[in-house]
Amino acid sequence: MSASPANPVLQTLLGRLSAATKLPREQLSGMLRPPPKAEMGDYALPCHAIAGPRKQKPDQAAIDLAAELALDPHLKPIVISIEPAGAFLNFRLDPGALCAAVLPPLRAAGEAYGGSDEGAGQTIVIDYSSPNIAKPFHVGHLMSTVLGASLARIFRALGHPVVGVNHLGDWGTQCGYQFLAWKQANPSEREVQLAARGIDYLVDLYVEINRPGKELTSLKDRLLDKNVALQPGERVETEKRIAELAPVAEEIERKARELFRKLEEGDPDLRILWERFRTKTLNVLQLSYDRLGVAFESTAGEGFYEPFLLPLIEDLKQRGILFESEGCWVIPLSEPREKKKKPPFIVVKTDGTTKYDTRDLAAAIYRKTTYDFAQNLYVVDVRQSLHFQGLFKALEKCGYEWAKDCRHVSYGLMQIKEGDATLPMTTRGGRMIPLGELLDRMVGIVREIVNEKNPALPPEQKDRVAEAVGVGAIIFWIQARRRSSNIVFDWKEATNPDGDTGPYVQYTHARACSILRKHGTYIPDQPDLTLLREPEEAAVVKALDEFPRVLRAAAEGYEPSLVATWLVSASRSFNDFYNKRQVLKAESAALRDARLALVDAARLGIARGLKLLGVTAPEEM
RNA sequence: GUCCCCGUAGCUCAGUUGGAUAGAGCGCUGGUUUCCUAAACCGGAGGUCGCAGGUUCGAGUCCUGCCGGGGACGCCA
């Protein structure tokens, strides 16, 4: 998977280096890198590893190797200079040769640039987005949705069959609460409300039924929190309120659990109600998915696996994998001699119902048997890393050798900056911002920028641009840093048109498109690319040439941010070129044609990168 | 208490399997438009890479310890 593709010029260079040093091409390919400063050359080879076998000091090895390579006739047409610099050997490639080697295949590949079929036959299952049923789709689900969708596109670009699964949280005790609230509502009133307000009504019901429980927890927390100094009277009041609430909350919980148990047992009325809520939710979610450009191959949620649970539990019991512990049926995860005790994997709770652990176990097995995946990925935030460790360990204990192919692709938490405050987006406390609200607000801000920057654009096109840039800004922002870091979403920064942002890259793309549009007529298929000799031209070509390697690294590390980082640096190279060199008014028609080909390639490469991240690339903005 | 992640410029972050004098953007500041979109480009100021040891020709990168921030830790999902 790590065979890094290289252009013909680089291939030749690597081949000759391999012949001269007797080192394998792959090793040299890993060693060859851009020097710290562009003035030093295009590529640098550290000679420490080469010096050893030659029984030389690295500095001397660099000098000798330079002299040796200078005589190589194969290198003459493609290399301008080979200079030893201390322990390093710096190569300057012929810019024309480089451009002529890189641009034609890139333009021929077009939309498929950087891709391959190396993943053919290796199916990747990606579990992502996975919101809960009858709850609003909020910002917390955005990270998983955006990252998962990008990974799906990246793996597809490399030829992997991909199954994107939206593992809906549509099963569990929460369903019981939902049913209870519904049953307690006025029968005619609730139908009217559901028809009129849809999912919003379900959310209200859920919040209402949970109110006593929520209040109880927060009061208890307050009593226990050493940081909160309570007045003596306040303490008594709080305890009194807790005494009032406790029985109410317990009664609600008891009933809710009972209803969920009935659902699991197959109660037909509850199944119908469940299906109604589920469909209602999916329809609303689809609006958000459409805006984000996300589509799933499967929406098999937790409820989907219900029929598999009992047989699975029976099977595990028979095979002696399940043990009784504190009234639950569990898969123990600690080794007998281990001192540090890991919590077990709970398959059946004391009340006889299953947990999400049980459903995850069944889902993993289902995915293996149905899709025969090479990799099974879970794009879920970092707080669940222990859960997934447990899940994978449990699969191992069940004897599935493919447990090693399962991976938790975790990411940090997201917070939102509002003025001077930074709001956490945990379920408790922080207000959850509905996704639609976030997107609308961004689009609104961008719409004003469009008005200011490009007032001549027709109104309906302004709307399209605002949608593409506003939504794109959020999607790009999320993916512009490594997964592991906690993200602080800053409205001002994300919409700032200056900076390392989605709008910056989109603007670069629009500029490239603009040149081609102004040129109008066709771009010659085979311009003389050896005319491209300026450093700014070579810089753009080198950036474009890196893309295939970036794509592979992004797939291997499950790290779409590599694509985002690449986009920014490629855009910077292009903008530098744009500012310094004229295309349409180039010194000669032949040079103009060559530069047009360069612009065309840059346009394709940038659009390709943006598309992989789920960001649309408007041709005008 | 145990385990996981993070700590790089005032802020947000890059930094390739260890390689040359640690890089961007924002913000601050100076400049570039008779020229293809100035949502751009070029320059300046700004650093004890959390701290201390260790490994080696070489450490922001690997190891150990400590400090600081975040997260998780059996019947919620």
Side-chain angles (χ1 to χ4, degrees), chain A residues 2 30-31 33-37 40 44 46-49 51 57-58 85-88 90 130 132 169 171-174 302 325-330 339-351 353 355-357 359-360 380-387 389-390 410 412-413 424 426-427 446 449-450 452-454 456 469 477 480-482 484-488 490 492-493 496-501 503-504 506-508 510-519 549-550 553 557 561-562 565 568-569 571-572 574-586 595 599 620-621:
Chain A
S2 61
M31 288 160 68
R33 66 193 62 215
K37 301 272 180 206
M40 297 173 175
C47 296
H48 311 89
K57 290 244 160 81
F88 295 85
N90 291 332
S130 309
N132 289 328
W171 206 254
T173 315
Q174 48 153 346
E302 292 190 51
S325 166
E326 300 177 26
C328 302
W329 286 94
V330 307
K339 279 187 188 158
K340 294 165 195 161
K341 272 187 289 179
K342 294 194 192 88
F345 194 80
I346 297 180
V347 177
V348 185
K349 297 187 288 193
T350 38
D351 66 358
T353 61
K355 265 190 84 187
Y356 74 118
D357 301 45
R359 267 105 58 191
D360 272 354
V380 181
D381 81 57
V382 66
R383 288 173 300 181
Q384 293 201 35
S385 52
L386 191 62
H387 163 65
Q389 270 176 42
S410 72
L413 304 179
T426 48
T427 331
V446 171
I449 296 173
V450 176
E452 182 199 324
K453 302 284 186 187
N454 200 350
V469 176
W477 180 271
R481 53 223 79 227
R482 302 199 84 104
S484 56
S485 65
N486 290 338
I487 290 188
V488 178
D490 187 328
K492 266 184 77 182
E493 285 301 317
N496 190 346
D498 306 316
D500 288 347
T501 60
Y504 172 78
Q506 286 172 313
Y507 176 66
T508 310
R511 281 178 126 184
C513 289
S514 178
I515 295 178
L516 300 173
R517 192 169 52 243
K518 290 258 158 73
H519 175 67
R549 280 184 293 280
V550 169
S561 71
L562 297 180
T565 309
V568 170
S569 79
S571 296
R572 190 160 295 125
F574 182 81
N575 280 322
D576 185 30
F577 159 76
Y578 182 98
N579 262 51
K580 290 204 179 107
R581 309 292 166 191
Q582 292 276 300
V583 176
L584 299 181
K585 292 179 187 168
R595 284 186 179 159
V599 172
E620 228 180 318
M621 62 185 271

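Lettering follows sequence order; numbering is per chain, from 1. Values below: every heavy atom of this structure, side chains too, minus hydrogens, waters and symmetry copies.
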May I ask you to decide if [Y]'s main-chain N or O and [X]'s side chain share a donor-acceptor pair within less than 3.5 Å?
X: A/Asn454; Y: A/Met621; value: yes
X: A/Asp357; Y: A/Val347; value: no
X: A/Gln174; Y: A/Gly169; value: yes
X: A/Arg482; Y: A/Ser561; value: no

Taking atom [atom2] of [N] as reference, at what distance in whole Å does atom [atom1] of [X] sit?
X: A/Met31; N: B/G19; atom1: CE; atom2: C1'; result: 10 Å
X: A/Arg359; N: B/C75; atom1: CZ; atom2: C1'; result: 12 Å
X: A/Lys342; N: B/G1; atom1: NZ; atom2: C1'; result: 17 Å
X: A/Arg572; N: B/G25; atom1: CZ; atom2: C1'; result: 7 Å
X: A/Gln389; N: B/C5; atom1: CD; atom2: P; result: 9 Å
X: A/Phe574; N: B/C36; atom1: CZ; atom2: P; result: 14 Å
X: A/Asp576; N: B/A24; atom1: CG; atom2: P; result: 13 Å
X: A/His387; N: B/G71; atom1: NE2; atom2: C1'; result: 16 Å

Using a distance-only criterion (donor-acceptor N/O pair, under 3.5 Å, no hydrogens), is the base of [N] paired with the side chain of [X]?
X: A/Ser325; N: B/G74; value: yes
X: A/Gln582; N: B/C35; value: yes
X: A/Thr350; N: B/C75; value: yes
X: A/Asn575; N: B/A38; value: no

Whole-Å [atom1] distance, [N] and [M]:
N: B/U33; M: B/A20; atom1: P; answer: 38 Å
N: B/A72; M: B/G54; atom1: C1'; answer: 31 Å
N: B/U8; M: B/C42; atom1: C1'; answer: 26 Å
N: B/C57; M: B/G10; atom1: P; answer: 35 Å
N: B/G15; M: B/C75; atom1: C1'; answer: 45 Å
N: B/U64; M: B/U55; atom1: P; answer: 15 Å
N: B/U29; M: B/U48; atom1: C1'; answer: 26 Å
N: B/G7; M: B/C51; atom1: C1'; answer: 11 Å

Students often get this wrong, so: under 4.0 angstrom with heavy atoms, is [X] touching a base, only sugar-phosphate, or nothing?
X: A/Phe345; result: nothing
X: A/Asn90; result: base
X: A/Val568; result: nothing
X: A/Gly86; result: nothing
X: A/Gln384; result: base
X: A/Ala44; result: base
X: A/Pro35; result: base
X: A/Val382; result: nothing
X: A/Gln506; result: nothing
X: A/Arg595; result: nothing
X: A/Leu386; result: sugar-phosphate
X: A/Glu620; result: base

Fill in: Within-4.5 Å side-chain heavy-atom neighbours: A/Glu620 and A/Arg517
yes
Worksheet item: Going by heavy atoms in the side chains, are A/Asp360 and A/His387 under 4.5 Å from each other?
Response: yes
Nucleotide of [options] approaching [X] most closely (side-chain heavy atoms):
X: A/Lys518; options: B/A20, B/U16, B/C36; answer: B/C36
X: A/Arg383; options: B/A72, B/A20, B/A38; answer: B/A72
X: A/Ser484; options: B/A38, B/G19, B/C5; answer: B/C5
X: A/Val450; options: B/C36, B/A39, B/A20; answer: B/A39

Discussion item. Applying side-chain contact (heavy atoms from CB on, under 4.5 Å) to A/Thr508 and A/Tyr578, what does each step give before you reach the verdict?
Written reply: CA-CA 9 Å; A/Thr508 310; A/Tyr578 182 98; over 6 Å; no
Would you indicate, yes or no, if [N] has its OP1 or OP2 atom less than 4.0 angstrom from a side-chain nitrogen or oxygen of [X]?
X: A/Tyr504; N: B/A24; value: no
X: A/Lys580; N: B/C35; value: no
X: A/Arg33; N: B/G19; value: yes
X: A/Lys453; N: B/A39; value: yes

Any protein N or O atoms within reach of nucleotides 30-32 of chain B? Criterion: under 3.5 Å, listing atom names and distances.
none

Worksheet, complete the sentence: In terms of heavy-atom contacts, A/Trp477 and A/Ile487 come closest through NE1-CG2, 3.8 Å
Fill in: Atom of A/Val583, atom of A/Arg595 and distance for their closest heavy-atom approach
CG1-CB, 4.0 Å
Discussion item. Can you give me the dot-bracket string for RNA chain B, 5' to 3', counting Watson-Crick and G-U wobble pairs with both distances under 3.5 Å, using [ ] for crossing pairs and | for partners on another strand?
Written reply: (((((((..((((.....[...)))).(((((.......))))).....(((((..]....))))))))))))....
Discussion item. Checking A/Asn575 against A/Tyr507: is there a side-chain donor and acceptor pair closer than 3.5 Å?
Written reply: no
Practice prompt. Hey, which sits more toward the 5' end of RNA chain B by its nearest nucleotide, A/Gly499 or A/Asn454?
Written response: A/Gly499
Practice prompt. Return the 5'-most residue of the pair A/Asp500, A/Pro46 with respect to RNA chain B, ranking by each residue's nearest nucleotide.
Written response: A/Pro46
Discussion item. Ring centres within less than 5.5 Å and planes less than 30° apart: is that true of A/His48 and B/G19 in this structure?
Written reply: yes
Worksheet item: Hey, is A/Phe88 stacking on B/G19? Ring centres under 5.5 Å, planes under 30°.
Response: no
Practice prompt. Using the six-membered ring of A/Phe574, assess whether NZ or CZ of A/Arg511 lies under 6.0 Å from its centre and within 45 degrees of the ring axis.
Written response: no
Could you pull out the protein-nucleic contacts involving nucleotides 7-14 of chain B (nitrogen or oxygen on both sides, under 3.5 Å)?
from, atom 1, to, atom 2, distance (Å)
B/U12, O2', A/Arg481, NH1, 3.0
B/C13, OP1, A/Asn486, O, 3.2
B/A14, OP1, A/Arg482, N, 2.8

Discussion item. Determine whether A/Asp500 and A/Arg572 satisfy the following criterion, side-chain contact (heavy atoms from CB on, under 4.5 Å), listing intermediate values before the conclusion.
Written reply: CA-CA 9 Å; A/Asp500 288 347; A/Arg572 190 160 295 125; 2.8 Å; yes
